[in-house]
2 protein chains.
Amino acid sequence: MFSEEDKSYPIELVADFLGVNSRTLYYYEKFALVCPLRRGRKRYYSKADIKWLKFIREMMYEQGMNLRSIIVLIRRRDQVIMNICPDDVVDCFKNYLVKKVDQDW
Amino acid sequence: MFSEEDKSYPIELVADFLGVNSRTLYYYEKFALVCPLRRGRKRYYSKADIKWLKFIREMMYEQGMNLRSIIVLIRRRDQVIMNICPDDVVDCFKNYLVKKVDQDW
DNA sequence: AATCATTTTCACTTAAAGTGAAAAATTAAT
DNA sequence: ATTAATTTTTCACTTTAAGTGAAAATGATT
C-alpha cells in the first residue's frame with residue numbers, strides 16, 4: 001500500500017510532472033520548501049510533496065507571490081495558505097518549515 | 001482639527017519621511033496600493049497613507065514579501081496583514097484596493 | 001517673465017527566480 | 001568490473017519585479 005507520504009518518485013519524474021526544470025526543485029530545497037528523502041544521494045518525493053510543489057507554483061504563477069511570501073505565510077500558519085491548500089498536504093510541511101526556516105533566516 | 005485621513009502632506013515630505021524616492025510612491029500608486037488626493041495634479045497624502053506605506057515597506061524589506069503578495073493578502077482580507085497593521089490604517093485601503101485591483105488584474 | 005516644485009517619460013540598476021551546459025559523482029546494466 | 005545512464009553540482013547566464021537617475025514637460029509662485 002502506498003500513502004501520500006511515501007517518498008518514491010525521483011526528481012526527473014516530479015520535474016516533468018510539474019513542468020519545471022529539476023534545478024528548480026533543488027532551488028526550492030535550498031529554501032526548505034520541500035524535503036525529499038535521500039537514499040544515498042538520490043532524492044525521492046512523495047505525492048504530498050508533489051501536491052505541495054504544485055501549490056507553490058500556483059501561488060507564484062497565478063497569484064504572483066514570491067517564495068519569501070510563501071515562507072512568511074507558512075511561518076504564520078496563515079489562513080491564506082492553509083485554506084487553499086488541503087490540510088493533509090500542508091501538514092507535511094508547516095512544522096518542518098517553521099522549524100527549519102526559523103534557524104537560518 | 002486634523003484627522004488621520006486628512007490628505008495634506010505633499011509627496012516629497014512623505015518620501016523623505018519614509019526614506020524612499022518619490023518615484024517609488026508613483027510606482028505604488030500604479031498598483032493602487034495608495035491613493036493620494038489630487039488637487040490639480042499635485043498629490044496629497046494623509047497620516048493613514050503614511051502609516052500604510054510604512055507598513056508595506058516593512059512587509060517588503062523586513063519580511064521579504066513582494067507587492068503582488070501584499071495585494072493578494074489584502075484581496076483576501078487576510079489575517080496576516082490585518083493583524084499586524086492597525087485596523088484604522090487597513091480600513092482606509094482594503095475596500096478601495098479590493099475593488100480597484102479586481103478590475104485591472 | 002522667471003523661478004521653483006511636481007509630474008512624467010525613458011532608460012538604467014539590482015536582486016530574486018530560474019535555466020543551460022557541462023563536469024563530477026553515483027547508480028544501474030551488461 | 002566496465003560501460004552506460006542518471007543524478008548532482010557548479011558556473012554563468014536570462015528574465016522579471018522593484019526601484020532609481022536624469023531630464024523634459026507641466027504647473028504653481030513670486
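Note on naming: letters A, B, ... go to the chains in the order of the sequence lines (proteins, then strands), and numbering restarts at 1 for each one. Note that the structure is a prediction, hence the values are computed from the model and not measured.
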Worksheet item: Rounding to a whole Å, what distance do you find between M65(B):CE and dG19(D):C1'?
Response: 19 Å

Discussion item. What is the distance, to the nearest angstrom, from the CD atom on E29(B) to the P atom on dA18(D)?
Written reply: 16 Å

Discussion item. Can you tell me if N21(A) touches the phosphate of dG20(C), counting only side-chain N or O atoms and a distance under 4.0 Å to OP1 or OP2?
Written reply: yes

Discussion item. Counting only side-chain nitrogens and oxygens, does Y27(B) get under 4.0 Å of the OP1 or OP2 atom of dG19(D)?
Written reply: no

Worksheet item: In whole angstroms, how far is the C1' atom of dT6(D) from the OH atom of Y44(A)?
Response: 10 Å

Worksheet item: Less than 3.5 Å between a donor and an acceptor, one on the side chain of R38(A) and one on the base of dT8(D), is that the case here?
Response: no

Fill in: Where N66(B) and G64(A) come nearest, the two heavy atoms and their spacing
ND2-O, 3.0 Å

Worksheet item: With a non-hydrogen cut-off below 4.0 angstrom, is R57(A) in contact with a base, only sugar-phosphate, or nothing?
Response: sugar-phosphate

Worksheet item: For Y26(B) and dT8(C), is the shortest distance between a side-chain N/O and OP1 or OP2 below 4.0 Å?
Response: no

Practice prompt. Please determine if K47(B) and D6(B) form a salt bridge, counting it only when a charged side-chain N lies under 4.0 Å from a carboxylate O.
Written response: no

Practice prompt. Could you say whether R23(A) or K42(A) is positioned toward the 5' end of DNA chain C, judged by the nucleotide with the nearest heavy atom to each?
Written response: R23(A)

Discussion item. What I want to check is whether an N or O donor and acceptor connect the side chain of R41(B) with the base of dT8(C) at under 3.5 Å.
Written reply: no

Item to complete: Go through dT6(C), dT10(D), dG19(D) for me and flag the one nearest to the E12(B) side chain.
Response: dT6(C)

Worksheet item: Are Y44(A) and Y26(A) connected in a single hydrophobic cluster, I mean Ile/Leu/Val/Met/Phe/Trp/Tyr linked by side-chain heavy atoms less than 4.5 Å apart?
Response: no

Discussion item. From the set dT9(D), dG18(C), dA18(D), return the single nucleotide nearest to any side-chain atom of R43(A).
Written reply: dT9(D)

Discussion item. Please report the distance, rounded to the nearest Å, between CZ in R68(B) and C1' in dT16(D).
Written reply: 11 Å

Fill in: Nearest-Å distance for atom pair CD1/P, residues I71(A) and dA17(C)
8 Å

Worksheet item: Between R23(A) and Y28(A), is any side-chain donor less than 3.5 angstrom from a side-chain acceptor?
Response: no

Item to complete: Would you mind reading off the distance between Q63(B) atom CD and dA16(C) atom C1', rounded to a whole angstrom?
Response: 17 Å

Practice prompt. Considering only NZ, NE, NH1 and NH2 on the basic side and carboxylate oxygens on the acidic side, decide whether R43(B) and E29(B) come within less than 4.0 Å.
Written response: yes

Practice prompt. Whole angstrom is fine here: how far is it from CG in L67(B) over to P in dA16(C)?
Written response: 15 Å

Item to complete: Report which part of the nucleic acid Y61(A) touches: base, sugar-phosphate, or nothing (heavy-atom distance under 4.0 Å, all strands).
Response: sugar-phosphate

Fill in: Atom-pair distance (CZ on R39(A); P on dT26(C)), nearest Å
17 Å

